[in-house]
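To start, the structure itself, in structure tokens.
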Amino acid sequence: MSRQYANVIIDIVHTAVDRVFQYEIPEELWEELSVGMKVRVPFGKGNRLRDGYIIGFTDKTDYDPLKIKRIAEVCRDGIPIEGQLIQLAAWMKERYGSTMIQALKTVLPVKRKMKTAEKKLLVRKITEDECRELLSVYRRKKQKARVRFLEALSEDEVLPYEMVVQKLRVSSASFRLFLEQGICSLETEAALRNPIHGMERNESRVTLNGEQSQAVDGLWDVWNGDRCPSLLYGITGSGKTEVYMELIRRVIREGKQAIVLIPEIALTWQTVMRFYRQFGDRVSIVNSRLSAGEKSDQLERARRGKIDIMIGPRSALFTPFPDLGLIIIDEEHETAYKSETVPRYHAVETAIERCRLAGAMVVLGSATPSAASYYKAQNGEYHYFQMKTRAREASSLPSVEIIDLRMELKEGNRGIFSRRLVTLMKETLDRGEQILLFLNRRGYAGFVSCRSCGEAVKCPHCDVSLKVHRDGTLKCHYCGFEMPLPRKCPSCGSPYIAGFGTGTQKVEAMVRAMFPEAGVLRMDMDTTSRKGGHDAILSAFADGKADILIGTQMIVKGHDFPRVTLVGILAADLSLYSGGYEAGERTFELITQAAGRAGRDVLPGHVVIQSYAPDNYSVEAAASQDYEGFYWHEILYRKLLRYPPVCKMLSLLITSKEEERAEKMAGRVKELAEAEDRDGILELIGPAKAAVSRINDVYRYMLYVKCEEEEPLLAFKRQVEEMDWDRQVLYQFDLE
DNA sequence: AGCACGCCGACT
DNA sequence: GTCGGCGTGCTC
């Protein structure tokens, strides 16, 4: 790759990522320039020197080469934060296969929409009467734009700049004269508000127990040492947050800043409050509930050094702190840390790269670390710290029983509640305590099938079965297709079709029938879709307004309900059959977390795990809260079948509206892999139809390539990208 | 954001 | 004619 020209984005603050401009590189800068560097370039008709950032290099251009200007100089005064984020974007582009623009858009705070943020205002500096006099002068001169402006200005002393320029269509040239004459002035409203306000600050210094201070000291040594990533394994209730806070305090004392990533679903006020009590208004949060303006306010505050700690989901990773010292990723194993949109980055890997660029440290925390992270900790790639005792001694581990649903079936119980669970529910209700019923959602929402031919009613656009909704309609969860419940089977015409399987709604109906006097709350996509629905249900349950809470994943993430003493996991093993090599890991995590909700306070807790595979190691290990037991089983399985993290695996999703085209391209990729694999180190699986082989009339093929090392896979990925792709076929990479 | 260009009405 | 302001579009 030659570097004749540099791709430059001009002055981030104003034009953001809007456009890329190409500049010739002076020979003496050939070696020195790299992505992310700040340069000064001649721009526009007047060739005014402006700041720009290099985002890449090329040797060819569509633009008239004669018109291309040269870079004037490099700014050597340290790489500013934007440059560092651009370097990160370049890394993401390579690692996850997106365009540079896509990567930049996820990484750079888009400050374009300054509507609610720092507003520019035009303020009248003369009296209303003087203004009207001036107005009549310009009426006589028939200068329309200035008349419009003065009319508005005599009405209101303060005018928003954007309104003047856009609605009044008055260009800056028209009122520049007024600015020079002191008739009006341009002022900025510092409106960078903090979303956390009006809270009591109570800086009681956290006291750490022995295990916690050991972890802090160990991590602090790493911070003062090589700053390699660290994994903090701490069982539920061991007090990881206290460790994070003490570590953050020390990092801030060194004049650096910290980012705390929390899965969006677990980002509750309680969590934020704990940090706020310690660090006051030096903390800020970003989350999806914040408006674009509020969000960019927070990022701007971070950039200007007004805050030291940013708490937020995945995207908070890109907070433009000028001197980042620490990134903490809580619940490191969560799937929410993987982006679903291009670039499909993983927060853990990306955090590690950002810290490498910034000279900062990553701490991964979890009660159930991902097999990949634990493996790296075992191999010395990460430092490892553990906390194995509950911080609050009063709370004891709950008693756990596994119920074999096959036995229940044999003994004639075809319901979804085992007899043991019903008994315990009754006892719990009699004691006036609360119950949590957890339903593993994967592949479990009710669908409709024909009793004669066994065929399930499928979506006409996707390769999935339709789900029954409360209002009696059938819905596709992938493309949104809707249809009324048919009277006859669409494939054989038999009238005997019926709902099958169990969703949260059905569980709710059954619980209400069994315990008519109990208050029941349900939490799923339907009940939480409106704004605040999530928090409303949780706080209603926490306040004791209901006895039983039924829900999916979202009820088990980081919420404390002290009066819950019974947790029922209705079909613990269903996620085992969801396909994918991570099924066991997901199952273990879900059961462990759900079980951890019982007996969080002084009351003793019970957990009932109902399963069709009670002797599966994921279920058994979760029941005994034995992470290490689970891990060694799991890693053995991955070693046998050569799955990540033991092997590296590149997955390639190939999609097209026309099935044959997708299939043909998938075949060509396979041929390429076979032809290029001279050393025989690549292991190919597929191509085959994806688990969901069609979504919204787009056909999907998967191809997996496994290898001991990562580098050959990256080389192969680059070759695939350079292939002559059929324009009707799209592809996506994933490397694990 | 700033600069130039083309357009149009007003004034010498 | 030409001067000056207005609105628009482009900037490698």
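Because the structure is a prediction, the values reported are computed rather than measured. Below, chain A is the first sequence line, B the second, and so on; all start at residue 1.
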Q) Atom CG in A:L135, atom CG in A:D129: separation rounded to 0.5 Å? A) 12.0 Å
Q) In whole Å, what is the span from the CZ atom of A:F21 to the P atom of B:dA1? A) 15 Å
Q: Identify whether NZ of Lys or CZ of Arg in A:R227 sits under 6.0 Å from the centre of the six-membered ring of A:W223 and within 45° of that ring's axis.
A: yes
Q: Could you encode protein contacts along nucleotides 7-12 of chain B as a string, one character per nucleotide from 5' to 3', using B for base contact, S for sugar-phosphate-only contact and - for no contact, with a heavy-atom cut-off of under 4.0 Å?
A: ---S--
**Q.** Short N-O contact, A:R718 and A:E711, less than 4.0 angstrom
**A.** yes
Q. Has A:Y138 got a side-chain N or O lying under 4.0 Å from the OP1 or OP2 atom of C:dG5?
A. no
Q) Taking only side-chain nitrogens and oxygens of A:R146, does any of them come within less than 4.0 Å of OP1 or OP2 of C:dG4? A) no
Q. What residues form a salt bridge (charged side-chain N to carboxylate O under 4.0 Å, His left out) with A:E155, not counting sequence neighbours?
A. none
Q.
Between A:R50 and A:K45, which residue's closest nucleotide on DNA chain B lies nearer the 5′ terminus?
A. A:R50
Q) Between C:dC6, C:dT11, C:dG7, which one does the side chain of A:R148 approach most closely? A) C:dG7
Q. If every non-hydrogen atom of A:P644 is compared with every non-hydrogen atom of A:M649, which pair is closest and at what distance?
A. CG-CB, 3.6 Å
**Q.** Of the listed nucleotides B:dC3, B:dA1, C:dG5, the one nearest the side chain of A:R48
**A.** B:dC3
Sequence neighbours left out, cut at 3.5 Å: what donor-acceptor pairs do the side chains of residues 347-362 of chain A make with other protein atoms?
{"from": "A:E349", "atom 1": "OE1", "to": "A:R95", "atom 2": "NH2", "distance (Å)": "3.4"}
{"from": "A:E349", "atom 1": "OE1", "to": "A:Y96", "atom 2": "OH", "distance (Å)": "2.4"}
{"from": "A:E349", "atom 1": "OE2", "to": "A:R95", "atom 2": "NH2", "distance (Å)": "2.7"}
{"from": "A:T350", "atom 1": "OG1", "to": "A:H346", "atom 2": "O", "distance (Å)": "2.8"}
{"from": "A:E353", "atom 1": "OE1", "to": "A:R356", "atom 2": "NE", "distance (Å)": "3.1"}
{"from": "A:E353", "atom 1": "OE2", "to": "A:R356", "atom 2": "NH2", "distance (Å)": "3.0"}
{"from": "A:R354", "atom 1": "NH1", "to": "A:L317", "atom 2": "O", "distance (Å)": "2.8"}
{"from": "A:R354", "atom 1": "NH1", "to": "A:T319", "atom 2": "O", "distance (Å)": "2.7"}
{"from": "A:R354", "atom 1": "NH2", "to": "A:T319", "atom 2": "O", "distance (Å)": "3.0"}

